[in-house]
Amino acid sequence: MRPLHLPLLLLAGAVAALGQSQTTPAANDSKPAPPPEVKSFDPSAMDKTADPCTDFYQYACGNWVKNNAVPADQVRWARSFSLLQERNRYLLWKDLDEAAKDPKTPLQKKYGDFYAACMNTDLVDQKGLTPLDPAMKLIDSLHNGKQIASLMGKLDADGAGGPLFNFGVSQDEKDSSKQIAGLFQGGLSLPDRDYYLVDNPRFTQIRKEYIAHVTKMFTLAGDSPEQAAKEAQSVMSIETALAKASTSRTDLRDPANRYHIYTLAQLDELAPDIDFGVYFKDVKVGQFDTLNVATPNFFKEVNTLISTEPIDAWKSYFRWHLIHSSANNLPKAFFDENFAFFGRTLAGQKEPQPRWKQCTSMTDRAMGEAVGQDWVKQNFPPSAKASMDKLVAALEKSLGDDIKTVPWMSDETKKAAEAKLALFRNKIGYPDKWRSYAALKVERNDLLGNAHRAAAFEMDWNLGHLGKPVDEKEWGMTPPTVNAYYDPSMNDINFPAGILQPPFFDPNIDPAVNFGGIGVVIGHEMTHGFDDQGSKYDGKGNLREWQTPADRKAFEERTDCVANEYSGFEAAPAHGDVPEQKLNGRLTLGENTADNGGLRIAYMALLDTLADEKKSIDEKIDGYTEAQRYFIGFAQVWCQNQTEQVSRQLALTDPHSPGRWRVNGSVQNFDAFGKAFGCKKGQPMYPENSCRVW
Ligand SMILES: [Zn+2]
């Protein structure tokens, strides 16, 4: 989906491991097998030699971290997320494999064919680059900068992906009942603008290797080494200029920095050399008079670049992006070279993923609500939904109590916050009404064609929202996804069936562990409605200040405290001439606020639940009090290992903190933790001064 609209997730989805090389032994030898179920509360994961009051993450996760290195086909390995993702993917694979061999319904035939086409790597090798011919012809016909807009429109409409910027339809930030068009920056291949712009030995080396990689891909496509080297320089020059023109991720967190309504005439004035009229016609969007130009400066710079860069440089740029974005669906040589740079060099992934995993994920991404229909029938019992309804209600009550009692907010603002909370909606499990895939054509012998048609289908679906009423029942995640999100324009919290299972949610375990797991997840998503971004939207999902100026100031003093605290945490250590990297407390502010709030309100909900059941938080089960089990259960959701490359990449790109700091950062701001473990005031996890927003 086009990144115009930024729902707030529980976990980044952006570092999925790269796929497999078609004929390596790993691919052929790997037989899908069911991963074990993950325990909700696991004493064997703990390092009991560590002091919980000094380093709680080490105490709760130390043994697991020591014994569970990142597998060769992964870049990050998390006790709860990764194992459940692997399990859900395996169960989905069984459906796809079955549908590919013996479909029972027309829909199964369609997604079975999609999966089968992806698995047929011999045919992919045989076809070579010919499936790219139509898009290559479009690029070759580029003769002057004026035609770039039309090329972009046609590539987007065909699903080949216009790389230079992003276009789509989303809710108007100031009138959420309207769905409007929007233009957003884009155009880069490396993970962040910093990779192009920051001068340090690590990035200098990555840029050198990136140019070598682009050169190699052009030679694989048939260009001479000299020609390929020249083309790679053109790509680097254009992408570096785009990186300079891009707004940073941290600045984009402020909705005001990504909301600029333009008339078409004003857009023409901003970027007269980009023929947007032609782009809109060729991308096949309906009529409109105004749109959101999220990042005007970016389009001003693109406008300049169009006349300063020679047309041959632009052709190289478009060819590169076409080959690059298709690499997973091209013959082995392209696949391997793509993996060598983007998998091994950039992310530290040792081996490609087995093909069946890659194809299962690809089918889920392309036809999520088709495969999800059958998946939830087997993997999401109605009783799970009923239990979730109860938990969500308990968490809503706690957040309401929290709003009533926070010391820094005036009564007037508290009323406004309560009004917003009262308008929260929640979606649990899967959509009430499934999307139709009737318009998507799938062919069993055409992987790349299927990929492009699926992208075109998605673009068409998105653009079809223009000017229509908002459908509150639409989902932004597929049912087997192990994640959750809050959408500020919808003011809703969303929990796919994929996460509503052990270890997050286990009907057979004591409430403390469930509140530490799925309870904190629910509280986290709710708190997003009141973090540095979410708090700028009202209950109807419109950007509108509802805090008094004094309360906004008090809020910002408190969020500053959180930002400064997390900016002190280390993301990756120094070694050789590579400097230490710290977390960016501003980029991660919303997620950290949500973690802190989620931990507190889920604990309050647990206290209420235990009181209803006439039980005490000090009651022991298997040697731990309910309070201790709550915090250990919470921490064990976040036990993880990841490659150093990914730690460094995510510190720049991911609004979420790594597991260690999601745990230690949150517990040290919550007095109930220090009390539960009998810590002394002043110990690291029970400090004299801590931060609290909610
Ligand atoms: Zn989040």
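Ligands are counted one by one from 1 in listed order, and the atoms in each one are counted from 1 as well.
Salt-bridge check for D538 with K420: failed, with every basic side-chain N at 4.0 Å or more from each acidic carboxylate O. Ion pairing between D560 and K553 fails under the 4.0 Å rule for side-chain N and carboxylate O. Ion pair D402/R600 not flagged as a salt bridge, since none of the NZ, NE, NH1 or NH2 atoms sits closer than 4.0 Å to an Asp/Glu carboxylate oxygen.
Within the 2.8 Å limit, H524 places at least one N, O or S atom next to the Zn ion (ligand 1).
The name of the N, O or S atom in H528 nearest to the Zn ion (ligand 1) is NE2. Of all N, O or S atoms in E591, the one lying closest to the Zn ion (ligand 1) is OE1.
Residues passing the salt bridge (Lys or Arg N to Asp or Glu O under 4.0 Å) test with D608, sequence neighbours excluded: K397.
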